[in-house]
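Just so it is clear, the values below take in all heavy atoms, side chains as well, and ignore hydrogens, waters and symmetry mates. Predicted, not measured: the structure shown is a model, and the values here were computed from it.
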Amino acid sequence: MDFSSRFSSIVLLLFISISIASGEIRKSEIRSDDRPIIPLDEFGFTHTGRLELDASKISLSNTNPDLDLSKVGFFLCTRDAWVHVIQQLEEEEITCALQSDLVKHVFTFNNLKGDKSRFSTVFTENDADQYSLVFANCLQQVEISMDVRSAMYNLEGKKGGRDYLSAGRTVLPKVYFFFSVIYFSLAATWIYVLYKKRLTVFAIHFFMLGVVVLKALNLLCEAEDKSYIKKTGTAHGWDVLFYIFNFLKGITLFTLIVLIGTGWSFLKPYLQDKEKKVLMIVIPLQVVANFAQVVIDETGPYGQDWVTWKQIFLLVDVVCCCAVLFPIVWSIKNLREAAKTDGKAAVNLVKLTLFRQYYIVVICYIYFTRVVVYALETITSYKYMWTSVVASELATLAFYLFTGYKFRPEVHNPYFVVDDEEEEAAAEALKLEDEFEL
């Protein structure tokens, strides 16, 4: 495979890495790597941007002194600039990305002095924009090994304090903390509701409380995680707590959607075999998804398997989102069939309407948080990347509120008395409805 083909095959990797970095101090270990392009990190600089770059244990598989080391090094480029660099390479105006006048050289290996196995440099970036830090190796069949430490930050205030969060994400600690307070308030409100209506509380309602508490703890840990990264460049262990609560929150939320969809606890005290199989699929997949998320966050886009883990995460997430819809559809069909046989058309029509609403809301929630939020990240300026987080959290909050309100504990009798006219009207409504399908 020639250089241009190999180069084109990795273009997707660079673009996928856009908007994944949090700005923390990143350490990368590159071992015997011959890739022509290795994306390392991404950051939104203000007019007071800084990049600290340190590399050690540098070694090349070919030690020929005639090698052109100006074709090996680090550079910064914006997304728009990168598109033009690709065009220059395809039109053979240049043979190496480092030769383009559209990229900003941070350090090239021909500048190695003295101990050529290491270097340290500080790069000042005064042009506000979103940049990707990239390593280029344009030497044919030469493998590179090195340890890289990169720290990107903006100076803020008169004292010049460091802000390690990207320009569009610097408000995230406040955003996450604000939403954590909302969820803790919701948990307190839900406890009050459960106490007031304790005679009509089912097991599912306590499970719902657990989901809300885990969501609140997850947001609190994420707020602390981002706060420490903003100030110091490292999470100081809060990332571990975040991953733990994120794992628990993900599993319990999908389990809750499945249990509500089956009508467990408030419609029936048991799960059918096919419903248990859905849980046996969803829970292990959530374990895989959370493991993939940890790998994606901790390794960074420089890892050769990073794209694979990204694809695994997206695939597993889509499968989980589809799987949780089946129990809701099964409940809808069961209620429709029951309405034809048990003579309780009015009662079943109410239940049927509720489950159809829930089905639609679940689809909207999944579509918005997976598709719309991603689109928002793509089209929004790097200065306003926090808006996609707010949009996602607002959609999640709306989903939690809808679920809690519609399935709250309340006194009701499924065999309440209805007059003949209401029963006949409900029966007619069920006949007129089209078959509800997934």
Side-chain angles (χ1 to χ4, degrees), residues 179-220 245-276 278-280 282-283 286 323-332 334-335 338-339 342 344 346-362 364-365 393 395-418:
F179 278 102
S180 71
V181 172
I182 291 178
Y183 280 98
F184 277 121
S185 300
L186 286 179
T189 303
W190 192 248
I191 291 174
Y192 175 77
V193 171
L194 296 184
Y195 175 76
K196 292 291 288 186
K197 299 186 177 182
R198 54 189 177 277
L199 297 180
T200 58
V201 169
F202 295 101
I204 192 69
H205 296 124
F206 290 106
F207 195 88
M208 293 165 73
L209 174 62
V211 172
V212 174
V213 171
L214 287 173
K215 175 65 175 177
L217 291 172
N218 172 243
L219 287 169
L220 180 62
F245 286 116
N246 191 57
F247 167 71
L248 295 174
K249 182 264 299 180
I251 288 182
T252 54
L253 177 59
F254 276 93
T255 302
L256 176 65
I257 295 174
V258 171
L259 292 177
I260 291 179
T262 63
W264 175 77
S265 182
F266 60 93
L267 286 185
K268 59 185 181 183
Y270 60 89
L271 293 176
Q272 297 177 353
D273 288 339
K274 61 181 180 181
E275 294 165 347
K276 293 178 181 178
V278 172
L279 282 176
M280 292 175 64
V282 169
I283 293 177
Q286 277 297 297
V324 297
L325 296 175
F326 283 99
I328 306 176
V329 176
W330 293 335
S331 293
I332 291 172
N334 290 337
L335 287 170
D342 63 6
K344 302 182 183 68
V347 175
N348 285 303
L349 180 60
V350 172
K351 295 177 181 178
L352 181 60
T353 301
L354 175 60
F355 275 89
R356 292 187 64 172
Q357 290 175 348
Y358 191 62
Y359 175 80
I360 294 172
V361 169
V362 170
C364 291
Y365 168 69
E393 292 301 333
T396 303
L397 179 61
F399 178 71
Y400 275 58
L401 289 173
F402 175 87
T403 303
Y405 178 76
K406 288 294 184 178
F407 297 95
R408 66 192 184 280
E410 59 181 349
V411 178
H412 67 90
N413 185 350
Y415 301 100
F416 61 86
V417 178
V418 295

Please find the pair of heavy atoms, one from [X] and one from [Y], that lie closest to each other, and give the distance.
{"X": "T255", "Y": "I251", "answer": "OG1-O, 2.7 Å"}
{"X": "T403", "Y": "M208", "answer": "O-CE, 3.7 Å"}
{"X": "S180", "Y": "A216", "answer": "CB-O, 3.7 Å"}
{"X": "H205", "Y": "T200", "answer": "CE1-O, 4.0 Å"}

Expected output: side-chain N334 to main-chain W330 donor-acceptor under 3.5 Å: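 Answer holds: yes.
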Under 3.5 Å donor-acceptor, S331 side chain and G261 backbone: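 Here the side-chain-to-backbone pair exists.
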Rounded at 0.5 Å granularity, tell me how far [atom1] in [X] sits from [atom2] in [Y].
{"X": "L256", "Y": "I260", "atom1": "CG", "atom2": "CD1", "answer": "4.0 Å"}
{"X": "L354", "Y": "I332", "atom1": "CG", "atom2": "CD1", "answer": "9.5 Å"}
{"X": "T262", "Y": "L279", "atom1": "OG1", "atom2": "CG", "answer": "7.5 Å"}

Any residue meeting ring-ring contact (aromatic ring centres under 6.0 Å, His included) with Y400, in chain and number order, not counting sequence neighbours: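 Residues passing ring-ring contact (aromatic ring centres under 6.0 Å, His included) with Y400: Y183.
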Ring centre gap for Y358 and F407 strictly below 6.0 Å: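 Yes, they do, as the ring centres are separated by less than 6.0 Å.
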Cation-pi, Y405 ring and R408 (6.0 angstrom, 45 degrees):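 Ring-cation test returns yes.
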Partner set under side-chain contact (heavy atoms from CB on, under 4.5 Å) for I191, not counting sequence neighbours: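 Once residues adjacent in sequence are excluded, the partners of I191 under the side-chain contact (heavy atoms from CB on, under 4.5 Å) criterion are L209.
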NZ (K274) with more than 12 external heavy atoms under 6.0 Å: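 Yes.
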